[in-house]
Amino acid sequence: MAVLTSGGVFYAPQAFAAGTPDAESSEFGVGDVLPAEEVHIISQPGLYGLGPEPADSKYAIAHGMLIRIDPKTGKVLSILRSQSTVLD
């Protein structure tokens with residue numbers, strides 16, 4: 001995750017970027033491919049405070065984390081934050 005600061009761009013470690021202590025013990029990471037049965041594809045991003053999905057990606061929930069995946073491969077593109085409740 002990159003954070004824009006007054007001094008430029010700061011690249012945060014994955015655990016910090018996810019914003020929760022649980023991220024350190026996450027069962028997966030960016031680049032992993034998760035089995036379809038472990039992933040809930042989000043159909044209404046606005047319920048989660050998210051805008052439109054970036055091109056060639058889908059928002060999803062897996063193992064209590066809000067993530068972004070490649071819909072063709074199931075590859076984890078980014079881990080956004082903790083999200084234990086499915087809202088859609």
Quick one: closest heavy-atom pair of Gly51 and Pro45, and the distance? O-CB, 3.6 Å

In Å, rounded to the nearest 0.5 Å, how long is the span from CD of Gln44 to CG of Leu50? 12.0 Å

So, do Tyr48 and Ile61 sit near enough that their side-chain heavy atoms are less than 4.5 Å apart? yes

Would you indicate whether the side-chain heavy atoms of Leu80 and Ser78 approach each other to under 4.5 Å? yes

Got a donor-acceptor contact below 3.5 angstrom from the Tyr59 side chain to the Glu53 backbone? no

ILVMFWY cluster, Val76 and Ile41 together (side-chain gap under 4.5 Å): yes

Whether Thr73 side chain and Lys75 backbone form a donor-acceptor pair below 3.5 Å: yes

How long is the gap from CZ on Arg68 to CG on Leu77, to the nearest 0.5 Å? 4.5 Å

So, taking the atom named NE2 in His40 and the one named CD1 in Ile67, what distance separates them when rounded to the nearest 0.5 Å? 11.0 Å

Do any N or O atoms from the side chain of Gln83 and from the backbone of Thr85 form a donor-acceptor pair under 3.5 angstrom? yes

Value for CD1 (Ile79) from CZ (Arg81), rounded to nearest 0.5 Å, stands at 13.5 Å

Taking the side chain as every heavy atom from C-beta outward, state whether Asp88 and Ile42 have any pair of such atoms under 4.5 Å apart. yes

side-chain contact (heavy atoms from CB on, under 4.5 Å) between Val30 and Asp32: does it pass, once the steps are laid out? CA-CA 6 Å; Val30 173; Asp32 290 345; over 6 Å; no

Criterion side chain to side chain contact (heavy atoms under 4.5 Å, CB included) against Lys58, the qualifying member of Asp70, Val39, Ile69: Ile69

Full working for side-chain contact (heavy atoms from CB on, under 4.5 Å) between Glu38 and His63: CA-CA 7 Å; Glu38 294 180 12; His63 301 275; 2.8 Å; yes

